[in-house]
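The chain is numbered in sequence order, starting from 1.
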Amino acid sequence: MFLDNGSCMGGGIKDKYIFVEQVSMLVKQIPAMTGLNFVTAGIIAVILLGDVPNQIPLLWFAGVALYSGVRFWHYSSVKREKITVDNVVSHARFFVGFSFVSGVIWGFIGIVLPISDNPFVLILSATLLCGMVAGSVSYLSIYKPAYYAYAIPCVAPLAIRCLLDGNEMLVAIGILLFLFLGVNLFNSRMAQVNVLKGINLVLENKELIERLRHEKSKADMARSLADDNNEAKSRFLAAASHDLRQPLHAMGFFVEAMMHEKNPVKIQDLVKKVAQTSEALRNLLGSLLDISKIESGGIEPHRTHFILNEILVEIMQEFSEQAKEKGLRLNFKPCSQTVYSDKDMLGRIIRNLISNAVRYTDKGYVNVSWEVESAYVMIHIADSGAGISEADRQDIFREFFQVKGDHQKNGRGLGLGLSIVDGLSRLLDHPLMMHSDVGIGSVFSIRVPQGNLSKVVSETPELNIWSGDTCARTIVLTNEDTSRESISGIMRHWGHQVADFTTIEDALAFLKTDGFDPDLVISDIILRDGSGIEAVAAIQELHGHSLPGIVMTGDGDDRVVEQLRTKGLSVLQKPVQPAKLRSMVTYLVRGEEWQI
């Protein structure tokens with residue numbers, strides 16, 4: 001480890017921080033230890049005066065004073081510069097160097113003092129140097145290279161001098177001095193091990209405290225977010241309670257009025273209003289289902305290469321009438337560019353952005369345009385609406401958030417559209433950008449990767465207009481009477497023969513005895529005595545496996561839909577639009593492949 005040789009090069013990050021702590025601890029003790037050395041040197045110099053030539057202790061003390069001054073100067077500069085991982089090596093080298101100089105100054109005593117003919121000076125020198133070496137163990141052993149640099153030049157000169165003198169007593173003292181030095185070097189090594197353990201323990205405690213502080217901060221943020229979400233959902237439930245009941249409330253009055261109305265023109269007008277109310281309710285429920293699927297992770301992108309114009313034309317047709325009724329100019333720049341994305345998800349994003357633009361723009365225009373940037377197609381939806389204030393620009397992408405006054409104005413929804421857009425764009429990794437000026441309007445842009453035209457697969461378009469329906473003998477299975485009656489009624493209105501049931505058992509009993517040869521099965525996914533999959537399979541077993549089946553489900557999980565499709569079944573998501581049911585029935589009865 002780098003700590004053993006005084007270098008942090010090659011050590012781990014934790015070792016480097018331990019090294020920083022070592023050097024910092026040494027630096028903190030510089031004033032006390034330097035001052036104590038200076039005072040001790042002064043006392044020794046006074047004692048030696050008269051026993052040795054005066055110039056020796058005076059010159060030696062002058063050297064100690066000079067060293068102490070330089071040491072204090074260096075310490076003041078180190079205090080101003082914080083010791084870090086980047087500069088710790090240079091500070092450690094300075095410290096080792098100063099320790100060596102201090103050891104040499106004290107070791108000078110063992111070289112110049114007369115020890116052969118003056119036992120007092122010999123005993124004083126040996127005792128003094130051994131005391132200095134032993135006393136510095138607790139201080140310099142924090143970083144053992146500093147202790148080695150000090151202790152060896154401090155004792156070794158006197159020990160070598162004693163060994164070379166030839167006097168038996170001095171030789172013995174020299175040997176004892178080397179043994180003493182060796183013991184203290186070993187003690188220094190052991191002391192550093194304990195110091196490192198202590199520093200390591202302190203750092204681990206700091207790391208633990210920091211982790212706990214970080215975890216607490218994360219928990220506080222999660223709790224705050226949960227509180228915000230609960231508050232937002234509480235506001236949502238209050239708003240949704242009104243917005244989801246309002247269409248049903250209005251529909252009830254429209255139906256009641258139709259029952260008593262005799263004028264065909266007024267009846268047709270009431271039918272149109274019922275259809276509009278039903279569509280509004282379907283859109284609200286659809287938004288809630290989209291949010292639920294995004295939050296639960298129950299939706300996965302299925303990316304393909306397709307021409308952007310395929311979805312833009314369809315979406316523009318959807319909103320052309322609504323924009324016309326409001327007196328808005330709905331401008332569209334046709335796009336022949338190929339993109340690579342999930343067609344349904346991207347369509348949902350663009351549809352929601354245009355819907356918001358039309359809904360919140362009272363006069364002027366809504367422009368849909370595009371441009372190519374490098375390997376991407378940038379799709380822009382611009383409007384001349386009221387704009388979005390700086391304070392609301394982050395919040396508008398939160399679930400259930402509405403700009404103040406929007407919910408009350410013209411019944412403008414639940415504030416879920418942009419949250420769905422944000423969730424889907426993140427799921428597709430299509431960056432979403434916004435620019436808005438209050439009083440001027442807003443521009444939302446989404447960046448979509450360009451696709452490969454050669455990989456575009458042509459699709460059979462979904463038709464909602466027919467030259468004539470094909471009459472089909474149909475089995476309808478649902479576990480709710482209202483649903484069964486409504487589906488059976490509309491199917492008969494379209495000219496189909498229908499037999500409806502609530503259980504698989506009743507349907508099979510009917511088919512075995514009545515001679516009814518079905519062309520199609522329509523079933524809920526959940527029945528009273530089984531599943532829609534089981535119902536279709538049982539009827540196919542009875543009348544042939546080529547019999548087509550449609551399963552209606554309210555489960556938004558893509559895995560459920562995929563399971564149904566792997567069984568060869570067509571899928572309709574609830575709430576089912578009559579036009580889509582009619583189109584699917586026509587395709588299946590004609591023996592054509594239905595395209596989703």
Side-chain angles (χ1 to χ4, degrees), residues 240-289 314-328 330 351-352 354-355 358-359 409-414 417 461-472 474 476 478 480-500 520 522 524 550 552-554 572-589:
S241 176
H242 173 270
D243 282 342
L244 291 175
R245 291 183 183 184
Q246 185 63 23
L248 295 174
H249 174 75
M251 198 179 298
F253 283 103
F254 291 147
V255 171
E256 181 68 21
M258 287 171 60
M259 293 174 63
H260 300 283
E261 183 59 57
K262 305 298 182 181
N263 188 327
V265 175
K266 291 184 178 181
I267 291 176
Q268 189 62 31
D269 183 57
L270 289 169
V271 170
K272 181 180 179 182
K273 290 179 179 178
V274 169
Q276 291 173 342
T277 306
S278 174
E279 183 65 22
L281 182 59
R282 183 182 293 111
N283 289 336
L284 290 174
L285 291 173
S287 295
L288 292 174
L289 290 173
E314 179 184 343
I315 294 171
M316 296 303 291
Q317 288 175 348
E318 289 181 25
F319 292 99
S320 60
E321 190 63 29
Q322 185 180 348
K324 184 178 179 181
E325 289 177 359
K326 294 189 67 175
L328 300 176
L330 184 57
R351 185 176 284 105
N352 278 14
I354 296 176
S355 175
V358 173
R359 181 181 297 131
K409 190 176 181 182
N410 298 328
R412 290 181 173 175
L414 299 174
E462 178 182 330
L463 299 178
N464 290 318
I465 300 176
W466 306 267
S467 58
D469 291 314
T470 300
C471 178
T474 308
V476 174
T478 69
E480 294 180 359
D481 293 338
T482 303
S483 175
R484 189 178 71 258
E485 291 172 3
S486 62
I487 295 173
S488 299
I490 195 66
M491 289 288 290
R492 292 188 180 102
H493 176 73
W494 293 334
H496 302 290
Q497 298 179 36
V498 180
D500 53 63
L520 176 69
I522 301 175
D524 265 337
I550 299 173
M552 300 176 294
T553 175
L572 282 177
Q573 291 279 2
K574 293 182 179 180
V576 176
Q577 296 182 22
K580 183 167 285 189
L581 173 62
R582 188 177 189 182
S583 176
M584 183 178 286
V585 168
T586 301
Y587 267 81
L588 292 176
V589 172

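- Within the 4.5 Å cutoff, side-chain heavy atoms of R351 are placed close to those of E314.
- Annotation: side chain of L581 is not in contact with side chain of M552 (no heavy-atom distance under 4.5 Å).
- Contact of the E485 side chain with the D500 side chain is not registered, since no non-hydrogen atoms from C-beta on lie closer than 4.5 Å.
- Contact of the I522 side chain with the R484 side chain is not registered, since no non-hydrogen atoms from C-beta on lie closer than 4.5 Å.
- Under the 3.5 Å distance criterion, the side-chain polar atoms of K326 are matched with a main-chain donor or acceptor of V358.
- In this structure, the side chains of R582 and I490 stay at 4.5 Å or more apart for every pair of heavy atoms.
- Atom-to-atom distance recorded for T474:OG1 and R492:CZ is 10.0 Å, nearest 0.5 angstrom.
- When each of I550, D524, V498 is checked for a side chain to side chain contact (heavy atoms under 4.5 Å, CB included) with V476, only V498 meets the rule.
- No side-chain heavy atom of F319 sits less than 4.5 Å from a side-chain heavy atom of L328.
- Residue E325 holds its CD atom at 9.5 Å from OG of S320, rounded to the nearest 0.5 Å.
- A side-chain donor-acceptor contact under 3.5 Å links H496 to the backbone of A472.
- Contact annotation: the side chain of V585 approaches that of M491 to within less than 4.5 Å [non-hydrogen atoms, C-beta and beyond].
- Two residues are said to be in side-chain contact when any heavy atoms from C-beta on lie closer than 4.5 Å; M584 and L572 meet this criterion.
- For the atom pair CG of N352 and CZ of R359, the computed distance is 8.0 Å after rounding to the nearest 0.5 Å.
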